[in-house]
Number of protein chains: 2
Amino acid sequence: MENTSKTLDIKKATVKSFDNFFKSAFTVDNIIFGFDEADLKVLLIKRGEVPFENQWALPGNFVHQHENLDAAAGRVLDELTGLKKVYLEQVRTFGRVNRHPFGRVITVAYYSLIKISDYRLHASSIAQEVAWFSVEEVKELNLPFDHAEIFAACFNQLRLNIKRQPVGFELLPPKFTLTKLQHLYEAILEEKLDKRNFRKKILSMDLLIDLNELQAGVAHRPAKLFKFDPDRYKSLYEEEGFHFDISPTKNKKK
Amino acid sequence: MENTSKTLDIKKATVKSFDNFFKSAFTVDNIIFGFDEADLKVLLIKRGEVPFENQWALPGNFVHQHENLDAAAGRVLDELTGLKKVYLEQVRTFGRVNRHPFGRVITVAYYSLIKISDYRLHASSIAQEVAWFSVEEVKELNLPFDHAEIFAACFNQLRLNIKRQPVGFELLPPKFTLTKLQHLYEAILEEKLDKRNFRKKILSMDLLIDLNELQAGVAHRPAKLFKFDPDRYKSLYEEEGFHFDISPTKNKKK
DNA sequence: AGAATTAGTGTAAAAAGTACACTTTGTTAA
DNA sequence: TTAACAAAGTGTACTTTTTACACTAATTCT
């Protein structure tokens, strides 16, 4: 192969010009959702650094040179909560030229769904303090950078997603009651659902396993516990024509 | 304000450390869709540069320092077709560490919808040649980098989108027949639809204006021409509870 | 004038979505 | 022990949406 070195020369020359292209800092932001009894919550950090030091903001961090984007988003979560394997979804990339006061920073937004009972919060290099806020509180907070826009996009994406994918279970403990599940949907969709219609629909999908166990420690009739069956979902998903879909089950009372 | 300079010092120091973070080259790729009589087509370029010189690939380019992401995607399209105002949608960001052989390059994927009659193709700095390929051809082509994955994600996104947003009209000339519209949906959804059900559904949405004009130059009964009414759509969209939705209108013949 | 080609149209049956209220089962406190 | 409390659990009738399906109408071409 006598032209190998020639090819390498071309490559080297091109790599050089390639190196001359503008490069940008880039980050991931991770909107971490948890569900706590009745409320959908979001994890915010109190920033430990300028700009916007001491303000509540979305957790995020720079992406490392040899790190994939998903891994970076996972790392942000791990640093704050110690959780490693979680549901993670990329939402959109925000790159407005002046979105960061110190220079061009492009950020890839993710959301995560975690079981709120599992976590323990940590302060970290980027966060003086970490706390849960309800979705309503977050909306009213004046988040720095374009974080309000990022939050809105992620929440919206979650709402679309929960209707068409069985992702809600990521927010619940392994065993849950149908009422808890309904409350979760109501919190995310921000509307009341009809109890009987909701149960009819979710049970007819044949994705929940009745554990023949009752809720304990409540001062009223205990509810049955169910778990989600991911294998069953996978096999149904293979079938042509199966769609997870919680759209209607409406309730006239606004 | 005697502490201004102090603040600036802090900022300067922080900006300095900020500058030390790893920075990446980043690009946009733009999957340009057009609809040509019966087929959904995609615009590919023959690369004019290493790596993968002379191979067909998705059009893309580096994002400039002072350029927003959407603007960069628009510029790619403009360079290839001369079109400036088009429907553009961000899909997802691809940043696998080794997706580019010359170094870390993160790319934001977009798709565009254009009226195929409007364009004229240009070669450009990045493209020796530009040509339309049908979706099937693209799937069979062995696209370089992770372009096959990017294409699949964009096509999939378009399919989801066309069901729930009235974006199909971006691919058609201002005046079109119902049959053309149906063919467009069939091409994107990759399934046959029932003529009567399709018409019933689309007309019941009250988004099309009957132009009281007939198709010309066909060797059979001419069809009526319609146009899409974007203002009507906007006002319906404001109304609680209106959803554009072309889901079913199925046809048993597979 | 007849053949060819696509446009255009309605109805009935099935499936899905919606509204709605009372009984059951357990705990707690009198 | 019993009554009050609280949430669990359950079925049906009505409405709306979806689906399947086949013939007639309008135009051009030969």
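Protein chains get the first letters and strands the later ones, always in sequence-line order, with residue 1 at the start of each.
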Rounded to whole Å, how long is the line connecting atom [atom1] of [X] with atom [atom2] of [N]?
{"X": "A:Asp194", "N": "C:dT18", "atom1": "CG", "atom2": "C1'", "value": "8 Å"}
{"X": "A:Asp245", "N": "D:dT18", "atom1": "CG", "atom2": "P", "value": "12 Å"}
{"X": "A:Phe198", "N": "C:dG17", "atom1": "CZ", "atom2": "P", "value": "14 Å"}
{"X": "A:Lys192", "N": "C:dT18", "atom1": "NZ", "atom2": "P", "value": "17 Å"}
{"X": "B:Lys224", "N": "D:dT27", "atom1": "NZ", "atom2": "C1'", "value": "16 Å"}
{"X": "B:His243", "N": "C:dG17", "atom1": "NE2", "atom2": "C1'", "value": "14 Å"}
{"X": "B:Glu37", "N": "C:dT6", "atom1": "CD", "atom2": "P", "value": "12 Å"}
{"X": "A:Lys201", "N": "C:dT18", "atom1": "NZ", "atom2": "C1'", "value": "11 Å"}

Mind listing the side-chain donor-acceptor pairs of residues 160-179 of chain B below 3.5 Å, one per line with the distance, residues two or more places apart or on another chain?
residue	atom	partner	partner atom	Å
B:Asn161	ND2	B:Glu89	OE2	2.7
B:Lys175	NZ	B:Glu213	OE1	3.0
B:Lys175	NZ	B:Glu213	OE2	3.2
B:Thr177	OG1	B:Lys180	N	3.1
B:Thr179	OG1	B:Arg199	NH2	3.2

B:Arg196 (side chain) and C:dA7 (base): donor-acceptor pair under 3.5 Å: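 Check fails, no donor-acceptor contact within cut-off.
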
Does A:Lys195 make a side-chain donor-acceptor contact with the base of D:dG9, cut-off 3.5 Å?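 Yes, a donor-acceptor pair under 3.5 Å.
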
Does a salt bridge link [X] with [Y], judged by any charged N lying under 4.0 Å from a carboxylate O?
{"X": "B:Glu238", "Y": "B:Lys234", "value": "no"}
{"X": "A:Lys139", "Y": "A:Glu190", "value": "yes"}
{"X": "A:Glu137", "Y": "A:Lys41", "value": "no"}

Residues two or more places apart in sequence or in another chain: which of them pass side-chain hydrogen bond (donor to acceptor under 3.5 Å, both in side chains) with [X]?
{"X": "A:Asn156", "answer": "none"}
{"X": "A:Asp36", "answer": "none"}
{"X": "A:Asp206", "answer": "A:Arg232"}
{"X": "A:Asp39", "answer": "none"}

Using only atom types and a distance under 3.5 Å, with no angle test, would you say the side chain of [X] pairs donor to acceptor with the backbone of [Y]?
{"X": "A:Asp194", "Y": "A:Asn197", "result": "yes"}
{"X": "B:Asn30", "Y": "B:Ala73", "result": "yes"}
{"X": "A:Gln182", "Y": "A:Leu193", "result": "yes"}

Do any of residues 176-189 of chain A sit with a heavy atom less than 4.0 Å from DNA chain C, and if so which?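 Of all residues in residues 176-189 of chain A, none places a heavy atom under 4.0 Å from DNA chain C.
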
Which parts of residues 208-216 of chain A get close to DNA chain C, meaning a heavy atom less than 4.0 angstrom away?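 Those residues: none at all.
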
So, using ring-ring contact (aromatic ring centres under 6.0 Å, His included) as the criterion, who are the partners of A:Tyr233 when residues are at least two apart?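 Counting only residues at least two positions away or on another chain, A:Tyr233 forms a ring-ring contact (aromatic ring centres under 6.0 Å, His included) with A:Tyr237.
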
Which residues pass the ring-ring contact (aromatic ring centres under 6.0 Å, His included) test with A:Phe242, sequence neighbours left out?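 Testing A:Phe242 for ring-ring contact (aromatic ring centres under 6.0 Å, His included), a comparison that skips the adjacent residues, returns none.
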
Quick check for you: to the nearest 0.5 Å, what is the distance between A:Leu43 atom CG and A:Ile31 atom CD1?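 Separation between the atoms: 10.5 Å.
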
Could you give the distance from CZ (B:Phe33) to CG (B:Leu184), rounded to the nearest 0.5 Å?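 Here the interatomic distance stands at 11.5 Å.
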
Collect all protein-nucleotide pairs involving nucleotides 28-30 of chain D in which both atoms are nitrogen or oxygen and the distance is under 3.5 Å.
none

Set out, line by line, the N/O atom pairs under 3.5 Å between protein and nucleotides 12-15 of chain C.
none

Of the listed nucleotides (C:dT9, D:dA20, D:dT10), which one gets closest to any side-chain atom of B:Arg199?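 Of the options given, the side chain of B:Arg199 lies nearest C:dT9.
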
Using 30° and 60° as the class boundaries, would you call the ring planes of B:Phe155 and B:Phe151 parallel, tilted or perpendicular?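 The rings of B:Phe155 and B:Phe151 lie parallel, inter-plane angle below 30°.
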
Distances for protein N/O vs nucleotides 1-3 of chain C N/O pairs under 3.5 angstrom?
none

